[in-house]
Amino acid sequence: MGGSAVPDTSDTSDTRTPAQIEADIKRRRETLAETLDEIGVRVHPKTVVGDAKAKVASHIDHTLGRAYVGVNRVVSDVKGQFVSEEGAPRLERIVPVALVVVGIVGLLAVGSRRRKR
């Protein structure tokens, strides 16, 4: 595998000068401070809530988008049953459906009047 980010400490001989060691320690402290700052931002309640809100909004947008496409497809299919490709209404399909709807509404109205008495 590739090289390790952690230096090999099994060798006890260190050929670095004290200034190099101090510079290395300073660099590692700065890196550690940056890492801790990043962790602090990631686990901050505002960040966690913001991330959760973003995920929920994304999921809702995705779900609504899929629902819109599905409804649009159904509407197009239904429209295709009642309107010809030229855009003219298909009376041979509209009239029977309209009669059924009027009949159902009439039955509901008569049933509603009987219950009121």
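Any value given below was found using the heavy atoms of this structure, including those in side chains, with hydrogens, waters and symmetry copies removed.
For Thr35 (side chain) and Thr31 (main-chain N/O), a donor-acceptor pair under 3.5 Å exists by modelled atom type. Judged by distance alone, the side chain of Thr63 and the main-chain N or O of His59 form a donor-acceptor pair under 3.5 Å. A donor-acceptor pair under 3.5 Å is formed between the side chain of Arg93 and the backbone N or O of Gln81.
Residues Val110 and Val102 do not share a hydrophobic cluster, defined by chaining ILVMFWY side chains whose heavy atoms lie under 4.5 Å apart. Grouping the Ile, Leu, Val, Met, Phe, Trp and Tyr side chains by contacts below 4.5 angstrom, directly or via other members, places Phe82 with Val101. Taking hydrophobic clusters as Ile, Leu, Val, Met, Phe, Trp and Tyr residues chained together by side-chain heavy-atom distances below 4.5 Å, Leu64 shares a cluster with Val56. There is a path of hydrophobic side-chain contacts, each under 4.5 Å, that joins Ile94 to Val97.
Atom-to-atom distance recorded for Lys79:NZ and Asn72:CG is 10.0 Å, nearest 0.5 angstrom. Note that CD1 of Ile104 is 11.0 Å distant from CG of Leu99, once rounded to the nearest 0.5 Å. The NZ atom of Lys53 lies 15.5 Å from the OG atom of Ser58; values are rounded to the nearest 0.5 Å. The CD1 atom of Ile21 lies 7.0 Å from the CD1 atom of Ile25; values are rounded to the nearest 0.5 Å.
Exactly one residue among Arg29, Glu30, Arg28 makes a side chain to side chain contact (heavy atoms under 4.5 Å, CB included) with Lys26. That residue is Glu30.
Residues Val41 and Asp37 have side chains not in contact (no heavy-atom distance under 4.5 Å, counting atoms from C-beta outward). Considering only heavy atoms from C-beta on, Val83 stays 4.5 Å or farther from Arg90 through its side chain.
Shown here is Arg42, whose CZ atom has no more than 12 heavy atoms of other residues, nucleotides or ligands within 6.0 Å.
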